[in-house]
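Structure record follows, encoded as structure tokens.
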Amino acid sequence: MAVTAQDIDIGRTGSAGSGGEAANEDPALAALFKAYVVCATVWLLFGTAVGLLLAFKFGAPDFWAAKYLTFGRLRPIHTNDVFYGFASLGLVGTALYVTARSCGTRLYSTRLAWIGLWLFNIAALAGTIALDLGYNWGDLEYREWPWPIRLVFFIALLVTVWNLLATIARRSSHDIYLSNWYIIGGFLWTCVICLVAILPWYQKGLGQVAISGYFMHNAVGMWFTPLALGLFYYAIPKVLNRPIYSYALGVLAFWTNLIFYPMLGGHHFLFSPLPWWLQTTAIICSVGMLIPVLGGSANYLLTMRGRYHGRIESYPLAFLFIGVLGYLIGSTQGTVEALRSLQAMWHFTSFTVGHSHLTMYGFVTFAVWGGIYALLPLATGKNPGRLGVAMHFWLALVGVTIYVVALSIGGSIQGLDWIRGLPFIQSVMDMKPYYLWRGVGGILMFLSHIVFAWNVWRMTAGQPGNAPSPIMEPEGEVAA
Amino acid sequence: MNNMTRKMWAIFGGALALYVVIVLLIAVIPAIVESRIPPGPGVVPLTPLQEEGRQVFASNGCDYCHTQQVRPIPADKVFGRPSAPGDFAYQTPELLGSERTGPDLTNVGQAKPSDVWQYIHLYDPRAVVPESIMPNFKFLFRVVDQLPAGETAVPVPAAFAPKTGHVIPTQKAKALVAYLLSLKQATIPGYVPPAAATPAAAPAAAAGAAPAAAGGYAYDAGKGKSLFEANCSACHQSTGEGVPGAFPPLKGNAAVDNADPTLHLHTILHGASGVTIGGVKYTSVMPPFAGTLSDDDIANIANYERSSWGNHAKPVTADDVKALRASGK
Ligand code: HEM
Ligand code: HEM
């Protein structure tokens, strides 16, 4: 028999409406969840302030060009901090909460979770400092930190997954809720990814290129993606107060994701001297990814069926909805992008940067925000104001849309310039207006993050109450 | 182990084991195989100085804007022959890159073999390429009042130079430039570039198709200009005025604005260094283009130069280039 988040969580506490009781029930968990969210918010503000500065430098390359502020040192700081500071902490924080609640039990060890938080923060901080001092491991994207720092991150993962597994072992029902499949899967796979990326013996020259391709898309596909999907499986039914549309579809998406995703890394080096079979496998698996992507997205959207008006009434749901769309559109875009004929145009262009933000921002970041707005008030009993959440939502949505559209058009022009054999500098000049629009989108996005920080303040340190609970009223048809 | 934990390990153990198998097949084993690829013919390890420069390159994130891999597709022909697996044997960590905000650097030691150009460009990219959005790397240079013995000042154009003092490269800048100049593709014996191609070929579109009769010159003016911008203007500048003390002007240049095109064409085909032009001795290097540009392209560029910026010399033909190329000198 399929279990739903409701059976276990809402059913047990009987508190679909106000979140106050949940907080009283497990204050240690609430404190922990709060701390993870606050840290994630700080990293978001810092990481995207750097991102905005980078965007500005495309128009003003001499601005702050000193050693510690040069583009090439700040860029990996931006990417690593939003990855391992913001998105990871946000997803780990919600995962701890989701696992404990959906297992109807307390966390195995609050202490281990605090240790994990410290380790994640130490790694991100040390990584930032190292990169700024110029200790960059070969500009290998998303694994630039010197290896001892990546080891700290790895230990943080081990500590956390141990804690989560021990929590699941104590669950109150026989079934393991879907969210936990994705969450635990994400952690275990990422432990493997870390090891593969750190160990040096078998990656030399072109061999290292094979690992770089593997690493880049496995970090996003086997870490951020499953954690965000796991969060969807808990938060969407929770907010809607109805079970997930299909448990079986969720299981299918889980296994197909596991089979296809790891193999598509080669698409980062299409047309490179890597073996042709590796590149072709990557392209085939990029197409195969349509199964879990369409299956997963359909499952979420069908869960929302008939409650579309609720997307406007409930901002947590609106964030989650955009997250699902970001996943659907971004991944489908990825599939198209991986085809050889289109790679010939888009590879190496800013189009890729558009894809990165459509997925990491439109999907992962919106998922994190949706999860926080849906669940944090339940833990703390404090709500953000409706206006604040609305401002955050619209600024971020309009901003990222401008960002992605501008780079998609600009990147295509860049690619066509190269195909037509124009002098290289022509492509630099043609990108000017699109870099500018990217900056405009970036400003709106960054403003939204400031509003978000204010909302987090109200959900953690503010007054209790002050807005209705994120949970919607149940409908008559909700299955038991 | 009770029933509940058994179920947990079944799901998660299965998912982990399956993943490990996939990773071995798709990443680890290919990496082991690819790591053993021997260096290609002529591929040599870097010297310690060049290796130090490679570190400076990675530390300062040059790789986020510059790739070092040439794909076997037409758009990449300008950067050289397609990269071969043996090219990367000595490159750990790899610097293939994933974005081309700036051009590919696989062959930059061939395209810009002049250390002076590299120094000026690093000091301020806009001093030689006005539209550039590459950041300046002034922090790799020092400004001194007295030139230390054995140091040569970088001839930064006045508009971009500090008001007083000389610009000299630090050890890091010297290492970086040594590395950049080492970036040349090794020739693969027997590799024939597609149709002695027109690698830096300009688009037919921009040319306005038919040869334009620019001021009585029957040649493809659009193509000539475009090829000049792609291959020559970084040093000689779009204005044809060059960079004082570093790169000679082509405007009013005795070799260009001359009825006898031999020296003009010879310089383009075979490059030059240490020549005195207009009373100034140039120590920096002019690269040879015999290997990358076709006779037609060279004729187009030469005619563009011979008819621009007030120059008015007799046009050349592709046959002139061909004859000079055949003479081998
Ligand atoms: C205010 C918001 C943001 C701005 C203005 C911004 C800006 C930028 C800029 C200018 C770059 C460099 C692009 C290049 O080198 O061409 C970049 C890269 C990147 N950013 Fe952001 N960013 C923002 C938020 C985020 C967030 C929240 C994430 C992830 C959660 C993110 C993930 C990335 C990634 C993965 C890259 C590397 C892209 C690639 O190599 O394809 N960014 N960003
Ligand atoms: C079916 C799913 C997907 C496919 C087939 C796909 C395909 C691709 C391809 C082909 C590239 C390389 C582009 C290039 O270099 O020219 C790429 C880059 C990227 N993708 Fe995806 N994508 C998918 C989903 C996602 C998701 C869900 C995320 C985020 C969670 C994501 C994040 C990224 C990032 C960050 C990069 C930039 C890597 C870099 O160059 O630094 N992708 N993707």
Side-chain angles (χ1 to χ4, degrees), chain A residues 57-58 61-62 65-67 70-73 75-76 134 136-141 165 168-169 171 174 176 181 184-185 188-189 192 196 202-212 214 258 262-263 265 268-269 271-273 275 278 281 344 348 352 418-425 428-429, chain B residues 4-5 7-8 11-12 15-16 18-20 22-23 26-28 30-32 34-35 37 58-64 67 69 71-75 78 83-85 88-96 98-100 103 129 131-136 138-139 201-203 205-206 226 229-230:
Chain A
K57 279 167 173 270
F58 278 83
D62 288 324
K67 189 166 170 180
T70 188
F71 180 90
R73 293 192 185 191
R75 190 187 190 276
N136 182 323
W137 193 49
D139 298 356
L140 302 178
E141 270 184 305
L165 281 170
I168 293 174
R171 69 191 180 281
H174 182 260
I176 298 176
W181 290 49
I184 298 294
L188 293 175
W189 300 324
V192 178
V196 170
Y202 57 88
Q203 25 175 336
K204 305 231 161 57
L206 198 58
Q208 195 174 42
V209 178
I211 299 294
S212 290
Y214 156 79
L258 170 54
M263 299 207 245
H268 290 270
F269 289 98
F271 300 112
S272 79
L278 200 66
T281 313
F348 299 146
T352 315
W418 299 342
I419 290 173
R420 288 159 67 206
L422 299 181
F424 188 88
I425 196 73
V428 178
M429 282 147 61
Chain B
M4 301 254 299
T5 16
K7 172 163 185 149
M8 185 176 101
I11 297 175
F12 299 138
L16 180 62
L18 183 55
Y19 185 64
V20 168
I22 295 176
V23 169
I26 200 71
V28 176
I32 293 174
E34 300 296 307
S35 293
I37 290 179
S59 281
N60 292 297
C62 308
D63 196 48
Y64 298 112
T67 55
Q69 50 172 322
R71 299 170 294 170
I73 59 174
V78 280
S83 299
F88 303 98
Y90 296 113
Q91 299 195 16
T92 309
E94 53 95 357
L95 291 173
L96 271 73
S98 69
E99 207 182 331
R100 278 186 190 155
V129 184
E131 306 83 4
S132 181
I133 58 161
M134 171 160 148
N136 73 59
K138 290 187 180 161
F139 65 84
S226 177
E229 296 293 343

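Protein chains get the first letters and strands the later ones, always in sequence-line order, with residue 1 at the start of each.
The contact between A:Arg75 and chain B is made entirely by side chain atoms (from C-beta outward), counting heavy-atom distances below 4.5 Å. When heavy atoms are compared at a cutoff of 4.5 Å, A:Met263 approaches chain B by way of both its backbone and its side chain. Both the backbone and the side chain of A:His174 come within contact range of chain B, with heavy atoms under 4.5 Å apart. With a 4.5 angstrom heavy-atom cutoff, A:Phe424 touches chain B only via side-chain atoms. For a residue to count as touching a neighbouring chain, one of its non-hydrogen atoms must lie under 4.5 Å from one of that chain's; by this rule A:Ala66 touches chain B with the backbone only. With a 4.5 Å cut-off on non-hydrogen atoms, A:Ser272 touches chain B through its backbone and its side chain both. Looking at B:Ile11, both its backbone and its side chain come within 4.5 Å of chain A, counting heavy atoms on both sides. If you measure heavy-atom distances from B:Phe88 to chain A, the contacts under 4.5 Å come from both the backbone and the side chain. For chain A, the nearby part of B:Ile22 is the side chain; its heavy atoms alone come within less than 4.5 Å. Within the 4.5 angstrom heavy-atom criterion, atoms from both the backbone and the side chain of B:Ser98 approach chain A. At a 4.5 Å heavy-atom cutoff, the contact between B:Ala27 and chain A is made by backbone and side-chain atoms alike. For a residue to count as touching a neighbouring chain, one of its non-hydrogen atoms must lie under 4.5 Å from one of that chain's; by this rule B:Ile73 touches chain A with the side chain only. Only the side chain of A:Leu278 comes within contact range of chain B, with at least one heavy atom under 4.5 Å from a heavy atom of that chain.
The shortest non-hydrogen separation linking B:Arg71 to A:Phe348 is NE-CE1, 3.4 Å. The shortest heavy-atom contact between B:Phe139 and A:Ala65 is CD2-O, 3.5 Å. Pairing each heavy atom of A:Pro61 with each of B:Ser132, the nearest pair is CG-O, 4.3 Å. Scanning all heavy atoms of the two residues, the minimum distance from A:Pro275 to B:Glu34 falls at CG-OE2, 3.1 Å. Of all non-hydrogen atoms in A:Ala169 and B:Met8, the two that sit nearest each other are N-SD, 3.7 Å. When all heavy atoms of A:Gly138 and B:Ala58 are compared, the closest pair comes out as CA-CB, 4.0 Å.
In this structure, A:Val428 and B:Glu131 have side chains that are not in contact, with every pair of non-hydrogen atoms separated by 4.5 Å or more. Between A:Ile425 and B:Glu229 there is no side-chain heavy-atom pair separated by less than 4.5 Å. Two residues are said to be in side-chain contact when any heavy atoms from C-beta on lie closer than 4.5 Å; B:Phe12 and A:Leu165 meet this criterion. Side-chain atoms of B:Pro135 and A:Lys57, non-hydrogen and from C-beta on, never get closer than 4.5 Å to each other. Contact of the A:Phe271 side chain with the B:Gln69 side chain is not registered, since no non-hydrogen atoms from C-beta on lie closer than 4.5 Å.
For the set B:Pro30, B:Cys62, B:Ala89, B:Ala75, the count of heavy-atom pairs under 4.5 angstrom toward chain A peaks at B:Ala75. Of the listed residues B:Val23, B:Leu95, B:Val20, B:Val129, the one with more heavy-atom pairs under 4.5 angstrom with chain A than any other is B:Val23.
Rounding to the nearest 0.5 Å places OG1 of B:Thr5 at 7.5 Å from CZ of A:Arg171. Once rounded to the nearest 0.5 Å, the distance linking CD of A:Gln208 with OG of B:Ser35 reads 8.0 Å. Atom-to-atom distance recorded for A:Leu206:CG and B:Thr92:OG1 is 10.0 Å, nearest 0.5 angstrom. Atom-to-atom distance recorded for A:Asp139:CG and B:Leu96:CG is 12.0 Å, nearest 0.5 angstrom.
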Practice task
Mind running side-chain contact (heavy atoms from CB on, under 4.5 Å) on B:Met134 and A:Phe71 for me, showing each step along the way?
Solution key: CA-CA 9 Å; B:Met134 171 160 148; A:Phe71 180 90; over 6 Å; no

